[in-house]
A.B. asks: 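This is the structure, below, for whatever I ask next.
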Amino acid sequence: MKIGIDKIGFHIPDYYVDMNDLAVARDVEPAKFTIGIGQDAMAVAPISQDPVTLAANAALNILDEADREAIDFVMFGTETGIDHSKSAGVYVHRLLDLQPNARTIEMKQACYGGTAALQLAKGHIALNPESKVLVLASDIARYGLNTAGEVTQGAGAVAMVISANPKIITIENDSTFLTSDIMDFWRPTYSDVAYVDGKYSNEQYLSFVSQVWNKYKEETSLSLDDFEAICFHLPYTKMGIKALETLLEEGNEETKQRLQNNLEVSIQYSREVGNIYTASLYLGLISLLEGKELNAGERLGLFSYGSGAVGEFFTGVVQENYRDHLNVDHHKALFANRKKLSIEEYEEVFSATLPTDGSTVTLDTTDDSSAICLTGITEHMRQYANNN
Ligand code: HMG
């Protein structure tokens, strides 16, 4: 049975910061951010957007009534959880008015959570071919003002419907993965920002790429020549470029050129959004699918990495007329309608956090164009509104 991604879409908040502005404000040569890191902009979430609303907004634009009836499993990958107990997916289930006889859970392993959900969804469909699974990957990456990681922040979500006979890509069965208990990046439960050993995290990411790719080659006898493109988890786009370089020690000239050209297409959206952790790999996939006319039957490689760390290399095969099922215009409009923040405005938005002492708060959402917003907190309960 063919199982894979039937629909896919993303959501980003209304605000962004230009990396040239950030560089000037931080007294850094702009080329370091735009070339050395490979980021042009980073998405900034207002206080009225949290991981729940970003994910719900992403899903809102891909689901129809038939999906709402068929979805019987919601899996929410995030490392920006809003509750130790209740799954962020349960809020989304209600906000999207999904049929009630569904399982809903949250998955966590840093940026790998979305891939874990996708692979488990595939297993669920293999056992229940008539059902559909909603996979959500949603995060707000925060390292703190004036930190080395600041330039690699971002905010956004990807939603995917996983089904049998998918319209976009099938996910193949061969896949190689790896777990190793390392401290390259983590966020203790008491901290609002991540702790990171930046250089070590880069080294580990690249080491995971080599290890899962070598194991994949051993197990499948496939080579780089069998791939039209490879998408990588993109903490910042230069990381994807470095990852591909480590693989390009093999492969013929034509393959190298093709993979480099297609990587360039796959990093375009991330250049404008920044790291969205669990959703970053899938934002790269959307950038490729929307930015290029791929042919049915072409194989795509996908490298997922979640610090701490788990990595996986897996593959998808492009389906006939896949472009008819994308949301290109909606995604273009999301970028076109964003408002650029000055650095002072960004710092203000970044510093405006929700109360943690249980006090009641009502948020002004008049400037938030997203259909689904966080409207406040009452008696420790987040309040959401769907203005769709
Ligand atoms: P840094 O120390 O500010 O930067 O930290 P740098 O000094 O290493 O410079 C970065 C690059 O800019 C270098 O290029 C410089 O040469 C270049 P490279 O040597 O790497 O090719 N550069 C310039 N280029 C052009 N013109 C110039 C110029 N000046 C310098 N004038 C770092 C960078 C990424 C470490 C930092 O931002 C950070 O710690 N970020 C967060 C951690 C991170 O993103 N790690 C990635 C791997 S781990 C991962 O992907 C998992 C993650 O997503 C979390 C999860 O799984 O949940 C993070």
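Counting starts at 1 for both ligands and their atoms, in listed order.
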A.B. asks: If you measure every N or O of H233 against every N or O of ligand 1, does any of those distances drop under 3.5 Å?
C.D. replies: yes
A.B. asks: Is the shortest distance from a Lys or Arg side-chain nitrogen in E79 or K108 to a carboxylate oxygen in the other one below 4.0 Å?
C.D. replies: no
A.B. asks: When you look for heavy atoms under 4.0 Å from ligand 1, do you find them on the side chain of Y236, its backbone, both, or neither?
C.D. replies: side chain
A.B. asks: Yes or no, since that's all I need: does a protein heavy atom fall within a distance strictly under 4.0 Å of atom 32 (C) of ligand 1?
C.D. replies: no
A.B. asks: Considering non-hydrogen atoms only, spot the tightest contact between I276 and G154 and give its length.
C.D. replies: CG2-C, 4.0 Å
A.B. asks: Has K215 got its NZ or CZ under 6.0 Å from the middle of the six-membered ring of F313, at an angle within 45 degrees of the ring axis?
C.D. replies: no
A.B. asks: Does a side-chain heavy-atom distance below 4.5 Å link I105 with F73?
C.D. replies: yes
A.B. asks: Classify the side-chain pair N261/Q257 by whether it contains a donor and acceptor separated by less than 3.5 Å.
C.D. replies: yes
A.B. asks: Might you confirm whether atom CZ of R94 has over 12 heavy atoms from other residues, nucleotides or ligands at distances under 6.0 Å?
C.D. replies: yes
A.B. asks: Hey, are E172 and T315 close enough side-chain-wise for a donor-acceptor pair under 3.5 Å?
C.D. replies: yes
A.B. asks: Under a 4.0 angstrom heavy-atom cut-off, which atoms of ligand 1 come close to T152?
C.D. replies: 37 (O), 40 (N), 41 (C)
A.B. asks: Identify the protein heavy atom lying closest to atom 8 (O) of ligand 1, giving its residue, its atom name and the separation to 0.1 Å.
C.D. replies: K199 NZ, 2.9 Å
A.B. asks: How far is atom 51 (C) of ligand 1 from its nearest protein heavy atom, and which residue and atom is that?
C.D. replies: S307 OG, 3.1 Å
A.B. asks: With a cut-off of 4.0 Å, which atoms of ligand 1 are near a heavy atom of S201?
C.D. replies: 42 (C), 43 (C), 45 (N), 46 (C), 47 (C), 48 (S)
A.B. asks: I need the nearest protein heavy-atom contact for atom 26 (N) of ligand 1: residue, atom name and distance, please.
C.D. replies: A31 CB, 3.4 Å
A.B. asks: List the closest protein heavy-atom neighbour of atom 10 (C) of ligand 1: residue, atom name, distance to the nearest 0.1 Å.
C.D. replies: I37 CD1, 3.9 Å
A.B. asks: With only distance considered, is A148 within less than 3.5 Å of ligand 1 through an N or O on each side?
C.D. replies: yes
A.B. asks: Nearest to atom 17 (C) of ligand 1 by heavy atom, G36, P30, P235: which?
C.D. replies: G36
A.B. asks: If the cut-off is 4.0 Å to any non-hydrogen atom of A110, which atoms of ligand 1 fall inside it?
C.D. replies: 55 (C), 56 (O), 57 (O)
A.B. asks: Starting from atom 39 (O) of ligand 1, locate the nearest protein heavy atom and write down its residue, its atom name and how far away it is, to 0.1 Å.
C.D. replies: G198 CA, 3.4 Å
A.B. asks: Any nitrogen or oxygen of K238, main chain or side chain, under 3.5 Å from a nitrogen or oxygen of ligand 1?
C.D. replies: yes
A.B. asks: Taking only heavy atoms of C111 into account, list the atoms of ligand 1 that are under 4.0 Å away from them.
C.D. replies: 52 (C), 53 (O), 54 (C), 55 (C), 56 (O), 57 (O)
A.B. asks: Between R26 and E150, is there a salt bridge with N-O shorter than 4.0 Å?
C.D. replies: yes
A.B. asks: Output the list of atoms in ligand 1 that are nearer than 4.0 Å to some heavy atom of V196, sorted by atom number.
C.D. replies: 42 (C)
A.B. asks: Give the numbers and elements of all ligand 1 atoms closer than 4.0 Å to a heavy atom of E79.
C.D. replies: 55 (C), 57 (O)
A.B. asks: Do S131 and D72 meet the criterion of a side-chain donor-acceptor pair at a distance under 3.5 Å?
C.D. replies: yes
A.B. asks: Is it true that Y143 lies under 4.0 Å from ligand 1, counting heavy atoms only?
C.D. replies: yes
A.B. asks: Protein heavy atoms near atom 15 (C) of ligand 1, is at least one of them under 4.0 angstrom away?
C.D. replies: no
A.B. asks: Would you mind running through ligand 1 and noting each atom that sits below 4.0 Å from a heavy atom of G149?
C.D. replies: 37 (O), 38 (C), 40 (N)
A.B. asks: Does this structure show an ion pair linking E345 with K339, if we count only N-O contacts that are shorter than 4.0 Å?
C.D. replies: yes
A.B. asks: Consider only side-chain N and O atoms of Y205 and D184, and report whether a donor and an acceptor are under 3.5 Å apart.
C.D. replies: no
A.B. asks: Would a hydrophobic clustering, with Ile, Leu, Val, Met, Phe, Trp and Tyr connected at side-chain separations under 4.5 Å, put M107 with M160?
C.D. replies: yes
A.B. asks: I'd like to know if D192 pairs up with R142 as an ion pair, taking the criterion as any Lys NZ or Arg NE/NH1/NH2 lying under 4.0 Å from an Asp or Glu carboxylate oxygen.
C.D. replies: yes
A.B. asks: Looking at ligand 1, does any of its N/O atoms fall within less than 3.5 Å of an N/O of K242?
C.D. replies: yes
A.B. asks: Can you see which heavy atom on I286 is nearest to which on G9, and at what distance?
C.D. replies: CD1-C, 3.9 Å
A.B. asks: Which atoms of ligand 1 have any heavy atom of G306 under 4.0 Å away?
C.D. replies: 56 (O)
A.B. asks: Below 3.5 angstrom, do we get any N/O pair linking E29 and ligand 1?
C.D. replies: no
A.B. asks: If only atom types and distance count, is the side chain of N386 paired as donor or acceptor with the main-chain N or O of L95 below 3.5 Å?
C.D. replies: yes
A.B. asks: Which residue supplies the protein heavy atom nearest to atom 29 (N) of ligand 1, what is that atom called, and how far is it?
C.D. replies: K32 CB, 3.5 Å
A.B. asks: Which heavy atom of the protein is the closest neighbour of atom 46 (C) of ligand 1, given with residue, atom name and distance?
C.D. replies: N202 OD1, 3.2 Å
